[in-house]
Amino acid sequence: MSFASVVDVLSGEIAVGSEITVRGWVRTRRDSKAGISFINIHDGSCFDAVQAVVPSEVDNYQSEVVKLTTGCSVAVTGTVAESAGQGQAFELQATKVHVYGWVEDPDTYPMSPKRHSMEYLREHAHLRTRTNVTGAVMRVRNCLSQALHRFFHEQGYLWVSTPIITASDAEGAGEMFRVSTLDMMNIPKKDNGQIDYAQDFFGKEAFLTVSGQLNVESYACSLSKVYTFGPTFRAENSNTSRHLSEFWMVEPEVAFADLNDIAGLAESMLKYAFKAVLTERADDMAFFQQRIDSGVIDRLQQVIEQDFVHMDYTDAVEILQNCGKKFEYPVAWGTDLQSEHERYLAEVHVGAPIILKNYPKDIKAFYMRQNDDGKTVAAMDVLAPGIGEIIGGSAREERLDVLDARLDEMQLPKEQYSWYRDLRRYGTVPHAGFGLGFERLVTYVTGMQNIRDVIPFPRAPKSADF
RNA sequence: UCCCCAGUAGCUCAGUUGGUUAGAGCGGUGGACUGUUAAUCCAUGUGUCGUUGGUUCGAAUCCAACCUGGGGAGCCA
């Protein structure tokens, strides 16, 4: 007798007639007065639960088996058999049922076998892991994560773990969380009344990172092809279905690459990940298609088959101005595109992900490489229908004189970027990279509406429970 | 942070032009039936009506503030 996962039983990997033990949680129990009970057991190894057929001859049938409710944890021993009923190819003919843990009060067990709203599940984030939807999301999330690592590994990229704590408050990508061990009730002050950060843990102000990009550029300028994949923090007071205070980001950075190179990288990376999900998590994707978003599989299939549409910002502005649609905000060259504009381009004009390139320099970050026209920078955004920006990237300014001029123009302190400038002083090379919001990718792939439902324990303004 | 909406049973919601005893479905429980599978059928219980304050003879209902959640916007990934 050996232990087996539900997936091993249902996939037919275990020979009919084998005696095994399956361990997991009860999803439903149905009794037949003919003297048997059907118990569906899930263990997270796949979407479906395995059906255990328990005859009344089992020792604890009356005392325990018929009292099992949704959520109880059990080990069921029996033989694998071809199912006599509809709905599954294989099942478990039980000879022994061991109960690990009961559900205190079935009436108030939060994950009762009925439809729950996503908001309700979020408020029970420690138990929503038992549900179909959260299980499916987490398996797809894992699949995407593994696929991305595999993709970069196969392409010869090194995974570089950039620091989560940073002393630079000038990364320029948003509000940051402070990291400090100072006693908040007794903050040390300098003579001039300002806080004396010299007494803090790092001897200076420290924060949680908003991006690994600047750090990983240093590794790209020596190891050539690198990427980061780790948590990122934004203290923005963003209350939307596509923002988190703590999220994961994938940031490849490539030496000797230009904007078109990384646009191509983004495209092949996404296609690789989508293919992996469709082949490896067909069971979960079928569920999303059926219950969450009826177009989700076709959409991924189309993205895989079609070439991404590339468009210059300047051309996009022209299309928006001439499309005849009335927007709440006017479209003008030099201003950032609004959500409604991005949505029109991705959802109506193209109907698929679109790569927008070469934005006006004044609305983009200091490190983006200036184009020869003097007006634009080599930046790109990948916009996905329904979500908006899923990837943002650029060629990096590798010319020290141009970078310095830009720092001056934006009144950024050069001292704080001394090590970043060194990369341009010593053997500089053209390089480029982008950042992929991992949870936004999971949202797109699953068809889920809210980003808070595709990360195990979401952190957002006024929300850090569990 | 701004705009809009919501908060009533374990869950999803209905109700209320202010007035005695607060409603349904699902879930739970008990039973019937059945190789069942979101089973079906019968029976059955459940409520500080988000919090605090105000108006009133009387508030779950009207008003105010606050809290929480949702949708949209901004910021971005």
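Here the structure is a predicted model, which means the values were calculated and not measured. Here is how names work: the chains are called A, B, and so on, in the same order as the sequence lines, proteins then strands, and each is numbered from 1.
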Selected nucleotide, minimal atom distance to A/Q88 side chain, candidates B/U36, B/G74, B/C26:
B/U36
Could you tell me the separation between the CD atom of A/Q93 and the C1' atom of B/G35, rounded to a whole number of Å?
10 Å
Regarding B/C11, can its base be found pairing with the side chain of A/H116 as donor and acceptor, where the two atoms are less than 3.5 Å apart?
no
Can you find an N or O donor on one side and an acceptor on the other, under 3.5 Å apart, linking the side chain of A/E91 with the base of B/G35?
yes
Using atom P of each nucleotide, how far apart are B/C66 and B/G72 to the nearest Å?
24 Å
Using 4.0 Å as the upper bound for N to carboxylate O, is an ion pair formed by A/E64 and A/K67?
no
According to the interplanar angle, ranging from 0 to 90°, do the rings of A/Y100 and A/H98 count as parallel (below 30°), tilted (30 to 60°) or perpendicular (above 60°)?
perpendicular
Whole-Å distance, A/E119 CD to B/U68 C1', equals 12 Å
When all nucleic acid strands are considered with a 4.0 Å heavy-atom cut-off, which category describes A/F38: base, sugar-phosphate, or nothing?
base
Would you mind classifying the nucleic acid contact of A/Y329 as base, sugar-phosphate or nothing, using non-hydrogen atoms under 4.0 angstrom?
sugar-phosphate
Have a look at A/S37 and say if it touches a base, only the backbone sugar-phosphate, or nothing, with a 4.0 Å heavy-atom cut-off.
nothing
For atom CZ of A/R29 and atom C1' of B/U34, their distance in whole Å:
14 Å
Complementary nucleotide of B/G7, counting Watson-Crick and G-U pairs under 3.5 Å:
B/C67
When the C1' atoms of B/G45 and B/A22 are compared, how many Å lie between them, rounded to an integer?
15 Å
Provide the Watson-Crick or G-U wobble partner of B/G47, both distances under 3.5 Å; none if there is no partner.
none
Check this one for me: any side-chain N or O of A/R242 less than 4.0 Å away from OP1 or OP2 of B/A73?
yes
From the candidates B/G71, B/C75, B/G27, the one with an atom nearest any side-chain atom of A/S241 is B/G71
Base paired to B/U21 (Watson-Crick or G-U; both N/O distances under 3.5 angstrom):
none
Classify A/P110 by what it touches in the nucleic acid, base, sugar-phosphate, or nothing, heavy-atom distance under 4.0 Å.
nothing
With a 4.0 Å cut-off, would you call A/D284 and A/R139 a salt bridge?
yes
Heavy atoms only, 4.0 Å cut-off, all strands: where does A/E342 land among base, sugar-phosphate and nothing?
nothing
A/E328 near the nucleic acid: base, sugar-phosphate alone, or nothing, with a heavy-atom cut-off under 4.0 Å?
nothing
Could you check whether A/G392 gets within reach of a base, just the sugar-phosphate, or nothing at all, counting any heavy atom under 4.0 Å?
sugar-phosphate
Below 30° counts as parallel, above 60° as perpendicular, anything between as tilted: where do the rings of A/Y417 and A/Y420 land?
perpendicular
Can you find a donor-acceptor pair, distance only, under 3.5 Å between A/R234 side chain and B/A77 base?
yes
Can you find a donor-acceptor pair, distance only, under 3.5 Å between A/D31 side chain and B/U36 base?
no
Both distances below 3.5 Å, Watson-Crick or wobble geometry, any strand: find the nucleotide opposite B/U16.
none
Would you say a side-chain N or O of A/Q51 is under 4.0 Å from OP1 or OP2 of B/U36?
no
Candidate nucleotides B/G74, B/C76, B/G10, ranked by approach to the side chain of A/R440 - the nearest
B/C76
Quickly work out the A/F233 CZ to B/C76 C1' distance and round it to whole Å.
16 Å
Please determine whether any donor N or O and acceptor N or O are separated by less than 3.5 Å between the side chain of A/Q449 and the base of B/G72.
no
Answer with base, sugar-phosphate or nothing: what part of the nucleic acid does A/S238 contact at a heavy-atom distance below 4.0 Å?
base
If you look at every strand shown and take non-hydrogen atoms under 4.0 Å, does A/S339 touch a base, only sugar-phosphate, or nothing?
sugar-phosphate
I'd like to know if A/E340 and A/K326 make a salt bridge, using a cut-off of under 4.0 Å between side-chain N and carboxylate O.
no
I'd like to know if A/R23 pairs up with A/D43 as an ion pair, taking the criterion as any Lys NZ or Arg NE/NH1/NH2 lying under 4.0 Å from an Asp or Glu carboxylate oxygen.
no
Base, sugar-phosphate, or nothing for A/E389, non-hydrogen atoms under 4.0 angstrom?
sugar-phosphate
Across every strand shown, the nucleotide meeting Watson-Crick or G-U wobble geometry with B/A73 (both distances under 3.5 Å) is B/U1
Side chain of A/S32 (C-beta onward), nearest among B/A73, B/A77, B/G35:
B/G35
Applying the Watson-Crick and G-U wobble criteria at under 3.5 Å, what pairs with B/U56? Answer none if nothing qualifies.
none
For A/I391, report the nucleic acid contact type (base, sugar-phosphate, nothing); a contact means any heavy atom under 4.0 Å.
sugar-phosphate
Between the base of B/U68 and the side chain of A/E123, is one N or O donor paired with an acceptor at under 3.5 angstrom?
no
Closest to the 5' end of RNA chain B, once A/W248 and A/K462 are matched to their nearest nucleotides, is A/K462
Heavy atoms under 4.0 Å, any strand shown: does A/T232 hit a base, just sugar-phosphate, or nothing?
nothing
Just the rounded figure in Å: distance from C1' of B/C26 to CE of A/M111.
15 Å
Using the P atom in both, what is the distance from B/A38 to B/C76, to the nearest Å?
48 Å
Whole-Å distance between B/G31 C1' and A/R30 CZ?
19 Å
May I ask you to decide if the ring planes of A/Y359 and A/Y313 are parallel, tilted or perpendicular, using 30° and 60° as cut-offs?
tilted
Rounded to whole angstrom, note down the C1' distance from B/U44 over to B/A65.
43 Å
Spacing of the C1' atoms in B/G35 and B/U16 (rounded, Å):
49 Å
Single hit among A/L356, A/I354, A/L337 for side chain to side chain contact (heavy atoms under 4.5 Å, CB included) with A/E342:
A/L337
When you compare B/C3 with B/A59, how far apart are their P atoms, in angstrom units rounded to a whole number?
32 Å
May I have the distance from A/D107 (atom CG) to B/G45 (atom C1'), rounded to whole angstrom?
9 Å
A/H243 NE2 to B/G74 P, straight-line distance once rounded to whole Å:
9 Å
Salt bridge A/E389-A/R242, side-chain N to carboxylate O under 4.0 Å
no
Where the side chain of A/V53 is concerned, which of B/G28, B/G69, B/G35 is the nearest nucleotide?
B/G35
Touch check for A/N450, heavy atoms < 4.0 angstrom, all strands: base, sugar-phosphate only, or nothing?
sugar-phosphate
What distance, rounded to whole Å, do you find between the two P atoms, one in B/A9 and one in B/A24?
14 Å
Below the 4.0 Å mark, does B/A38 have OP1 or OP2 next to a side-chain nitrogen or oxygen of A/T28?
no
On RNA chain B, nearest-nucleotide positions of A/I36 versus A/P461: which is more 5'?
A/I36
Quick one: is B/U12 close enough that its OP1 or OP2 comes under 4.0 Å of any side-chain N or O from A/S117?
yes
Using the C1' atom on both, measure B/A60 against B/G50 and round to a whole Å.
12 Å
Under a 4.0 Å threshold between the charged nitrogen and the carboxylate oxygen, would A/R128 count as salt-bridged to A/D453?
yes
